[in-house]
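Every chain is numbered from 1 and lettered A, B, ... according to where its sequence line falls, protein lines coming before strand lines. Only a predicted model underlies this, so the values are computations on that prediction, with no experimental measurement involved.
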There are 2 protein chains.
Amino acid sequence: MIREQLIDPAPDALTSFLNCHTRTRDCLVQVAGLAEVSYRGRAASTAEIGTYLVLIKQDGSLQIHHPTGIKPMNWQPKTDELVARVDEDVCMLLASRRSPVEIVQVIFLQPHLALALELKAAGGFFLSGSEAQMQETLAHAPELIEPGLKVLGRELLVESGGIDLYAQDDQGRYVVVELKRGRATQHAVSQLGRYVCSVQGKLPAGSVVRGILAAPSITGPARLELESRGLEFREISSWPSVPVAREGQQPSLFE
Amino acid sequence: MIREQLIDPAPDALTSFLNCHTRTRDCLVQVAGLAEVSYRGRAASTAEIGTYLVLIKQDGSLQIHHPTGIKPMNWQPKTDELVARVDEDVCMLLASRRSPVEIVQVIFLQPHLALALELKAAGGFFLSGSEAQMQETLAHAPELIEPGLKVLGRELLVESGGIDLYAQDDQGRYVVVELKRGRATQHAVSQLGRYVCSVQGKLPAGSVVRGILAAPSITGPARLELESRGLEFREISSWPSVPVAREGQQPSLFE
DNA sequence: TGTTAAATTTCGGGA
DNA sequence: TCCCGAAGTTTAACA
């Protein structure tokens, strides 16, 4: 599990350690200690000297954590080059990528701990409650949106994006359905509006296209915007915002 | 720096370790080893048995990393309760929060390493290249958007959101400016459209309100959408997508 | 608390 | 590669 551990490594020792274990790409590498971090790319940042935790995963992704918060202080999702070297008597780590051109530089002023861990086995990961799952369910039970609704297509691509559900109502009118797994916002209304326009543009002039936003709830401003644009909202209440373990009850949507 | 380190801890030892160091809230705690993770909240997930790295920061935030990717496999940004206990002869960690109600459960089947680190000093952090900075710059140099433009306000709140820059052109017409630090998308066009409508609704009927999207570039579909809605695009090219160190040259925007 | 929008968003999918 | 959209997005700001 622990491939290698160094306490208070010298600059050249840390440099070798980093280059060795990042090259093999089979370890999760971490270094904790006093460091300085700078980033240049889509934006630019500088972190003054402080105690940070640097993580380098097997795919070469880099993240630098400060004492609080879920998000790293600095990061590099993918690195095209990851190299450590001794510079002015300290170990310096450079993580760069092209597209976008970005570079993160870590200067280890006083590394206290360097650790290489083997994190081999990762089991399966299963997520439920995604919008994709909601789409799957509603595509097979469109009456939950509206009685008589017939689904013609899913993920239909138009110039302005992908339409979640494309359908026809009991009067033969085309219906564009936009799904949200959580509370629908003005953003969702804009999306729906764009899709409705795109579909209208493909049909003979004068065709009526309905737009339905289907979600467990909707914000006040979104509702106003929606109604002013002649679009509709359908509450999908059986979508459990917090799936609760239940016994002897009938399973809700998505279970 | 290293407050405590355990190798292959027994369930009760790991439990004590976790409860002790998370209670004091002055350490970054990590556990690496075989585990199972499940989550219930806005969605639900299960991670089968595998080797993971669990990080618990001083603010009680929890993240569980698998071998690749910048994002944790599971996480809990804020925990209202963080408690470990021995359950069926293994150590189980529960991290829960209200609002939204969510819980992450980690079952440590075979912990190999438990580490408590002191990450005390964090230096200052400075980021440049944000949209806020772009706004600051353009508010003082609106001629970069258009000659004769006068800024009337920033972050002006209307019902549909916050207008980045509110201005008047050399002919006295009101101008709503939406800024993007990167390539502008259809989403940005929608925002701008909403703001223009909101402003029009506040002015006497028939008032002309211009909408300008100011960004370094714009996607093709966004440009079409923009033009079809009578809105305008202004390229802000001096926004350096990659701020480069230069010598003897005149500093660009934002430097 | 509710809503909106930014973010070095990341990530995945389709053309 | 470009583009769009989901995400357990997170985070901050503001009414």
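Contacts of B/S160 classified as side-chain hydrogen bond (donor to acceptor under 3.5 Å, both in side chains), with partners at least two apart in sequence or in another chain: B/S198. Applying the salt bridge (Lys or Arg N to Asp or Glu O under 4.0 Å) criterion to B/E227, with sequence neighbours excluded, gives B/R223. Considering only residues two or more places apart in sequence or on other chains, A/K202 meets the salt bridge (Lys or Arg N to Asp or Glu O under 4.0 Å) condition with none of them. Partners of A/E102 by side-chain hydrogen bond (donor to acceptor under 3.5 Å, both in side chains), not counting sequence neighbours, listed by chain and number: A/Y39, A/R42, A/R97. For B/R210, the salt bridge (Lys or Arg N to Asp or Glu O under 4.0 Å) criterion is met by B/E146, B/D169, B/E232, not counting sequence neighbours. Not counting sequence neighbours, the partners of B/N74 by the side-chain hydrogen bond (donor to acceptor under 3.5 Å, both in side chains) test are B/S45. Under the ring pair (Phe, Tyr, Trp, His ring centres under 6.0 Å) criterion, B/Y174 pairs with B/Y166, not counting sequence neighbours. Partners of A/D87 under the salt bridge (Lys or Arg N to Asp or Glu O under 4.0 Å) rule, at least two apart in sequence or in another chain, are A/R85.
Comparing C/dT10, D/dA6, C/dA6 by their closest approach to the side chain of A/W75 singles out C/dT10. The side chain of B/S130 approaches C/dA7 more closely than any other nucleotide in the set C/dT8, D/dT9, C/dA7.
For A/V37 against A/M73, the heavy-atom pair with the smallest separation is CG2-CE, 3.9 Å. Nearest heavy atoms, B/Q63 versus B/K57: NE2-CE, 3.8 Å. Contact detail for B/I236 and B/A214: the closest heavy-atom pair is CG1-CB, 3.8 Å.
Residue pairs meeting the ring pair (Phe, Tyr, Trp, His ring centres under 6.0 Å) criterion with at least one partner in residues 44-64 of chain A, sequence neighbours excluded, do not occur; the list is empty.
The side chain of B/R97 contributes no N or O atom lying less than 4.0 Å from OP1 or OP2 of D/dG8. Taking 4.0 angstrom as the limit, A/R183 places a side-chain polar atom (N or O) nearer than this to OP1 or OP2 of C/dT3. For C/dT9, the OP1/OP2 oxygens have a side-chain nitrogen or oxygen of A/R42 closer than 4.0 Å. Considering only side-chain N and O atoms, A/R181 lies nowhere under 4.0 angstrom from the phosphate OP1 or OP2 of D/dG5.
The CD1-P distance, from B/I163 to C/dA6, rounds to 13 Å in whole Å. Between B/E131 atom CD and C/dT4 atom P there is a gap of 17 Å when expressed in whole angstrom units. Rounded to a whole Å, the CD atom of B/Q135 is 12 Å from the C1' atom of C/dA6. Here D/dA7 presents its P atom at 10 Å from CE of A/M134, a figure rounded to the nearest Å. What separates CG of B/L156 from P of D/dC14 is a distance of 13 Å, to the nearest Å. Here the P atom of nucleotide D/dA7 and the CG atom of A/L179 are 10 Å apart, to the nearest Å. Going from atom CD of B/Q133 over to atom P of C/dA7 covers 10 Å, rounded to whole Å. Atom CG in B/D164 sits roughly 10 Å away from atom P in C/dA5 (whole-Å rounding).
Backbone-only contact: A/R194 has heavy atoms under 4.0 Å from sugar-phosphate atoms and none from a base. Within the 4.0 angstrom heavy-atom criterion, only backbone atoms of the sugar-phosphate kind lie near B/S160; the bases stay farther away. Counting non-hydrogen atoms under 4.0 angstrom, B/E159 reaches nothing in the nucleic acid. At the heavy-atom level, A/P100 lies nowhere under 4.0 Å from the strands shown. Within 4.0 Å of A/Q63, counting heavy atoms only, lies no atom of the nucleic acid at all.
For D/dC4 and D/dG8, the P atoms lie 22 Å apart once the distance is rounded to whole Å.
In this structure, B/E102 and B/A222 both approach DNA chain D, and ranking their closest nucleotides by distance from the 5' end singles out B/A222. When each of B/S45 and B/G220 is assigned the nucleotide of DNA chain D with its nearest heavy atom, B/G220 is the one assigned upstream, toward the 5' end.
On a pure distance criterion of 3.5 Å, a polar donor-acceptor pair joins the side chain of B/Q76 and the base of D/dG8.
The stretch residues 195-202 of chain B touches DNA chain C through B/Y195, each having a heavy atom under 4.0 angstrom from the strand. Remark: A/Q191 in residues 184-191 of chain A come within less than 4.0 Å of DNA chain D through at least one heavy atom.
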Close N or O pairs between protein and nucleotides 11-15 of chain C (under 3.5 Å):
unit_1	atom_1	unit_2	atom_2	d
C/dC11	OP1	B/I70	N	3.1

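The only option from B/V31, B/L93, B/L28 that meets the side chain to side chain contact (heavy atoms under 4.5 Å, CB included) definition with B/I56 turns out to be B/L93.
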